[in-house]
Amino acid sequence: MDKIENFIDGEFLLSSSGQFIDNINPATGQLIGKITNSNSQDIQNAVNAANRALKSWSSLKIVERIAWLNKIADALESKKELIAQTESMDTGKPISLARRVDANRSITNFRFFAEFAAKQNDMQFDMDDAINYVHRKPIGVVGLITPWNLPLYLLTWKIAPALVMGNTIVAKPSELTPLTANLFASILQEIDFPKGVFNIVHGLGPSAGQPILEHPEIKAISFTGGTETGRIVAKTAAPLFKKLSLELGGKNATIILDDADLPTAAKGAAKAGFTNSGQVCLCGSRILVDQSIAAEFTDLLLKEVNSIKLGDPQNEETEMGSVISMQHLEKVESYVELAKQEGGSILTGGKRASLTSQQNADGAFLEPTVIGGLDINSRTATEEIFGPVITLHTFENQEQAIEMTNSTEYGLAGSVWTTDLERGRNFAEKIETGIMWVNTWLHRDLRTPFGGVKNSGVGREGGQWSLSFFSEMTNICVKQD
Ligand code: TXE
């Protein structure tokens with residue numbers, strides 16, 4: 001049985017707690033490892049290592065740190081298939097998705113920030129009698145806390161800009177999905193990455209995450225996860241004046257206007273709803289459709305949803321795997337029950353999937369589910385389910401569609417489907433979210449700002465926003481003779 005150890009000062013070691021958490025493959029229900037559950041002493045050890053490494057790492061020239069990012073990307077590239085297989089086993093996501101999205105993007109995150117950082121110039125503001133030079137300095141030791149839905153993808157999205165700006169890191173991956181972070185640490189060891197610059201502490205939120213938030217020498221926290229946990233992060237870190245980036249939950253809408261190309265929109269809506277079993281914070285879990293085209297669109301949508309190949313994540317053909325855990329499956333199922341109580345009707349799905357493959361008999365699989373007939377303000381339509389369940393609603397006109405889209409505490413993302421691109425763009429401007437897509441979904445340019453409004457988060461990641469978050473800007477004003 002594999003033991004997942006912390007990675008501190010370039011070495012793998014168990015927590016002094018002596019406690020372990022079971023690591024389960026959610027597609028099989030099998031125990032695949034034991035994770036060390038860290039405590040505040042482990043976090044202290046990791047902070048000490050990160051502090052010791054800070055001087056030499058932050059003194060490197062930026063081109064030297066960029067070279068390290070490229071070296072890490074090369075090393076990840078050489079282990080791409082292993083990363084995908086490991087991520088699929090840990091999360092229950094299809095191997096094809098793990099290759100296309102998780103493994104690819106983890107590599108791209110390093111390549112992108114290497115290239116992007118190389119193009120940055122220091123800002124300068126000239127006065128009649130002085131010149132202001134703006135510098136970005138490292139913050140110091142930073143804390144990265146990440147969730148289970150896109151484990152290595154989201155962790156590397158934070159690691160790459162934090163490293164390139166000269167910081168050292170204490171990271172805590174989700175206790176549900178520690179394997180690729182562990183693999184990443186072993187890759188760093190193989191390439192002789194400087195010790196102590198990157199450290200991992202594994203474990204539960206309250207025992208291993210909370211001490212990161214509370215530690216006075218960790219100067220910034222970048223967190224991706226649930227909105228409720230985000231509140232705890234903000235409440236703990238704010239009085240210590242830490243820099244905070246919070247990427248939280250969503251209840252995103254997919255809006256189908258009356259002039260949409262319906263087959264394309266139905267494909268897009270199904271993809272937005274069920275990618276990664278609906279466990280992407282950007283997933284479109286509410287579909288709003290103009291009532292004049294609702295019947296035709298619903299038929300097309302249900303055909304798309306019913307054609308999704310649900311099955312063994314190891315099978316190359318599989319398009320949708322399990323959800324993250326049996327406990328999460330039960331939570332998602334409770335929303336299907338709630339929907340029925342709230343007057344909704346199950347248009348397709350709603351049941352546990354019975355797979356023919358023997359090894360998946362105890363897996364956490366739910367059929368992709370579409371629910372109609374619910375009020376837009378019902379609990380099912382307003383609370384984040386984070387599973388393969390979407391609700392379908394109709395609207396009478398565009399104004400009502402905007403009102404319905406905005407009638408949620410969240411504001412992360414959304415997509416609108418129309419053949420009139422200008423109409424789509426105008427519509428998108430009226431939506432209270434961080435990102436809107438017109439006739440597409442999850443189409444990402446890593447230079448753009450990424451993040452939520454309302455209860456979906458604070459701050460932006462991506463391109464210059466990530467570089468700014470992971471640095472302190474200072475101004476030096478030099479008086480000219
Ligand atoms: O997230 P958590 P979970 C949403 C989604 C999901 C819900 C809960 O709705 O159902 O969040 O998922 C660490 N101090 N999203 O339980 O609990 C925790 O160990 C410090 C949306 O995974 O927020 C993990 O590493 N850290 C999201 C990380 O926080 C703490 C993706 C996230 O865990 C902590 C995933 C504490 N007190 C879930 N408590 C998105 N927007 O992408 C927990 N953690």
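All values derive from a computational prediction rather than experimental measurement. In listed order, ligands and their atoms are each counted from 1.
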Counting from 1 in the order shown, the ligand 1 atoms closer than 4.0 Å to a non-hydrogen atom of P173 are 25 (O)
- Query: Mind checking whether F386 and W148 have ring centres under 6.0 Å apart?
  - Reply: yes
Considering only heavy atoms from C-beta outward, does the side chain of H393 approach that of L374 to under 4.5 Å?
yes
- Message: Measuring centre to centre across the rings, with the benzene-like ring taken for any Trp, is F7 within less than 6.0 Å of F184?
- Response: no
Closest non-hydrogen atoms of I324 and P26, given as atom of the first, atom of the second and distance, are O-CB, 3.1 Å
of all protein heavy atoms, closest to atom 39 (N) of ligand 1 is T229 CG2, 3.3 Å
Any heavy atom of L248 under 4.0 Å from ligand 1? The part involved is backbone
**Report entry** More than 12 heavy atoms of other groups within 6.0 Å of E115 CD
**Finding:** no
Atom 40 (C) of ligand 1 has as its nearest protein heavy atom C281 CB, 3.3 Å
**Whether F450 and W157 hold their rings parallel, tilted or perpendicular, with breakpoints at 30° and 60°** = perpendicular
Atoms of ligand 1 under 4.0 Å from any heavy atom of N149, numbered from 1 in the order shown, are 31 (C), 42 (O)
Legend entry - Nitrogen or oxygen of Q210 less than 3.5 angstrom from that of ligand 1: yes
re atom 19 (O) of ligand 1, the protein heavy-atom contact at minimum distance is E175 OE1, 2.6 Å
The protein heavy atom nearest to atom 6 (C) of ligand 1 is F386 CD2, 3.9 Å
Checking heavy atoms under 4.0 Å, the part of A208 that sits near ligand 1 is neither
So the atoms of ligand 1 within less than 4.0 Å of a heavy atom of K331 turn out to be 10 (O)
for atom 22 (O) of ligand 1, nearest protein heavy atom and its distance come out as W148 NE1, 2.5 Å
Self-check item: Cationic N near anionic O, under 4.0 Å, K271 to E319
Solution: no
The closest protein heavy-atom partner of atom 44 (N) of ligand 1 is G205 CA, 3.5 Å
- Under a 4.5 Å cut-off applied to non-hydrogen side-chain atoms, are P178 and I21 in contact? no
If we count only non-hydrogen protein atoms and require a distance under 4.0 Å, does atom 8 (C) of ligand 1 qualify as touching the protein? no
For atom 25 (O) of ligand 1, the closest protein heavy atom turns out to be T146 O, 2.8 Å
Per-atom filter on ligand 1: closer than 4.0 angstrom to a heavy atom of I232 are 37 (N)
Nearest non-hydrogen protein atom to atom 20 (C) of ligand 1, with distance, is G209 C, 3.2 Å
Q | Sub-3.5 Å N/O-N/O distance, L154 and ligand 1 | A | no
Under the salt bridge (charged side-chain N to carboxylate O under 4.0 Å, His left out) rule, what do E190 and K79 come out as? Steps first, then yes or no, please. CA-CA 12 Å; E190 277 172 30; K79 297 263 165 66; 2.7 Å; yes
Inset, instruction - Could you check if a side-chain atom of L152 sits within less than 4.5 angstrom of a side-chain atom of E87, using non-hydrogen atoms only? - result: yes
Ligand 1 to I145, heavy atom cutoff 4.0 Å, flagged ligand atoms 13 (C), 20 (C), 25 (O), 26 (N), 28 (C), 29 (O)
Checklist entry - Can you check whether I35 reaches E5 side chain to side chain, under 4.5 Å on heavy atoms? => result no
Quick note on ligand 1: atoms under 4.0 Å from a heavy atom of S174 include exactly 25 (O)
Q. Is the closest side-chain heavy-atom distance between V389 and V332 below 4.5 Å?
A. yes
Counting from 1 in the order shown, the ligand 1 atoms closer than 4.0 Å to a non-hydrogen atom of H328 are 10 (O)
Exercise for the section: Take T380 and E342 through the test side-chain hydrogen bond (donor to acceptor under 3.5 Å, both in side chains) and record every step on the way to the result. Expected result: CA-CA 8 Å; T380 314; E342 290 185 311; 2.4 Å; yes
_Any G457 heavy atom less than 4.0 Å to ligand 1_ = no
Note to self: Check this for me: R444, atom CZ, are more than 12 non-hydrogen atoms of other residues, nucleotides or ligands nearer than 6.0 Å?
What the structure shows: yes
> Is there a protein heavy atom at a distance of less than 4.0 Å from atom 12 (O) of ligand 1?
Replying inline: yes
Heteroatom proximity flag, E384 to ligand 1, N/O under 3.5 Å = yes
